[in-house]
Visitor: 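Below is a structure I'd like to ask you about.
Computed over heavy atoms, backbone and side chain alike; hydrogens, waters and symmetry mates excluded. Sequence lines set the chain letters: A, B, ... in the order given, protein chains first and strands last, and positions in each chain run from 1.
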Amino acid sequence: MSFPLLKNISALVNVISPKITFSSSFSQMKTTRLSSAKWEINPLSESKNPGSECATDGESVQTIRVYVRKKRAKKTVQTTVEEVRPEILDQNPCRLPEIEDFAYGKESSCSHSTQVPDNWEKVLEGIRKMRSSEDAPVDSMGCEKAGTSLPPKERRFAVLVSSLLSSQTKDNVTHGAIQRLLQNDLLTAEAIDKSNEDEIKGLIYPVGFYTRKASNMKKIANICLSKYGGDIPSTLQGLLELPGIGPKMAHLVMNVGWDNVQGICVDTHVHRICNRLAWVSRPGTKQKTSTPEETRMSLQLWLPKEEWVPINPLLVGFGQTICTPRRPRCGVCTISGFCPSAFNESPSPSSKSKANKRS
DNA sequence: TTCCTGAGGA
DNA sequence: TCCTCCGGAA
């Protein structure tokens with residue numbers, strides 16, 4: 001972690017203080033663990049109350065008072081005022097990555113509030129309609145069906161393996177591979193750790209990159225067994241340490257395996273479409289983001305948390321059928337009126353770069 | 001023949 | 001930043 005949280009408390013104060021217009025970004029992005037309860041910062045923009053206020057002695061923050069909704073099993077059960085001392089945040093590692101992202105994002109654009117894109121709700125609604133009328137070839141969250149009948153630990157391991165296999169692979173192919181592993185009792189860390197790598201390879205064929213994935217599966221099973229008692233890591237950091245698990249898959253597994261939304265699962269489609277819509281930008285600029293990770297940070301600053309999970313399957317389907325990487329079908333897209341990139345890309349199949357090279 | 005797609009290594 | 005991995009689609 002490169003940004004030392006709460007050493008730079010002023011960044012946090014600036015964000016939380018109502019006199020600075022950060023309402024949308026802060027209020028919408030934080031679900032945090034304080035004590036053992038799950039709290040959500042009350043959205044400033046949707047509440048009569050201010051979302052939060054700080055008590056300071058001029059230099060440092062004494063107390064942060066937050067108006068929160070208490071949530072149990074995804075239902076709001078109570079709205080209260082909470083007082084939080086900075087050192088409590090400091091002592092709670094669960095809280096650190098989120099605040100850190102958040103403080104980092106705000107630091108770099110402190111002089112102006114994060115822009116919530118105009119009409120984003122209309123755009124999402126339009127995409128939903130297009131998706132419901134057109135067949136989507138791939139359901140990227142297919143791994144959530146993995147092992148639904150298994151006990152929790154086995155189900156989580158199945159989700160992890162399923163996620164690993166599903167990348168760059170059609171859903172039915174992934175499903176077949178999972179079924180074959182299941183039939184051969186090779187869907188637990190213990191079994192995979194003992195098994196032969198060539199056998200795994202044969203069973204998961206023809207998923208994309210099966211050689212590399214078979215090797216990673218063995219390594220992952222061994223790590224899960226030795227460090228997590230055969231379960232999968234329960235933190236983003238732990239998941240990222242597994243070979244073959246990057247940011248995209250780690251967020252997916254946190255969402256599906258642990259039902260813990262740590263961040264948006266940003267793949268190439270989400271990355272591309274959010275940039276075309278100008279929904280994301282590099283901190284403090286209007287430049288496009290250059291990596292999916294940068295897109296994730298930028299998107300999380302304003303997109304309401306309820307949309308964090310559904311946005312992935314929505315944009316993946318949209319990206320495969322209409323907003324394609326090459327030659328997007330802006331002519332049939334019902335939200336092109338809201339899209340600054342509509343009809344900007346050359347509709348001609350002939351490649352400019354090649355033509356230039358030849359001439 | 002080129003691209004898709006996410007992780008990782010040069 | 002570019003390449004590799006794997007099979008399949010365009």
Visitor: Rounded off to whole Å, could you give me the CD1-to-P distance for the A:I204 and C:dC6 pair?
Guide: 11 Å
Visitor: Base, sugar-phosphate alone, or nothing: which one does A:H269 contact when heavy atoms must sit under 4.0 Å apart?
Guide: sugar-phosphate
Visitor: Of A:H271, A:R272, A:Q300, which meets side chain to side chain donor-acceptor pair (under 3.5 Å) against A:T295?
Guide: A:H271
Visitor: Taking side chain to side chain donor-acceptor pair (under 3.5 Å) as the test, write out the residues that go with A:H175, two or more places apart.
Guide: none
Visitor: If you look only at distance, which donor and acceptor atoms sit under 3.5 Å apart when one is on a side chain in residues 185-193 of chain A and the other is two or more places apart or in another chain?
Guide:
unit_1 : atom_1 : unit_2 : atom_2 : d
A:T188 : OG1    : A:A191 : N      : 3.2
A:D193 : OD1    : A:N222 : ND2    : 3.1

Visitor: Please check the phosphate of B:dT2 (OP1 and OP2 only) for any side-chain N or O of A:R326 closer than 4.0 Å.
Guide: no
Visitor: Within less than 4.0 Å of OP1 or OP2 of B:dA7, is there a side-chain N or O belonging to A:S167?
Guide: no
Visitor: Who pairs with A:P310 by side chain to side chain contact (heavy atoms under 4.5 Å, CB included), at least two apart in sequence or on another chain?
Guide: A:E307
Visitor: Show the distances under 3.5 angstrom between N or O atoms of the protein and N or O atoms of nucleotides 8-10 of chain B.
Guide:
unit_1 : atom_1 : unit_2 : atom_2 : d
B:dG8  : OP1    : A:G244 : N      : 2.4

Visitor: Check side chain to side chain donor-acceptor pair (under 3.5 Å) between A:R276 and all other residues, then give those that pass, not counting sequence neighbours.
Guide: A:E345
Visitor: Just to verify, what does A:E293 make a side chain to side chain donor-acceptor pair (under 3.5 Å) with, not counting sequence neighbours?
Guide: A:R296
Visitor: Where do N or O atoms of nucleotides 7-10 of chain C meet protein N or O atoms at under 3.5 Å, pair by pair?
Guide:
unit_1 : atom_1 : unit_2 : atom_2 : d
C:dG7  : OP1    : A:Y210 : OH     : 3.2

Visitor: Test: salt bridge (Lys or Arg N to Asp or Glu O under 4.0 Å). Region: residues 224-240 of chain A. Which pairs qualify, not counting sequence neighbours?
Guide: A:R156-A:D231, A:K227-A:E241
Visitor: What residues, two or more places apart in sequence or in another chain, satisfy side chain to side chain donor-acceptor pair (under 3.5 Å) together with A:T174?
Guide: none
Visitor: Find the distance A:F209:CZ to C:dC6:C1' and express it as a whole number of Å.
Guide: 5 Å
Visitor: When the distance from CD of A:Q320 to P of B:dT5 is rounded to whole Å, what number comes out?
Guide: 7 Å
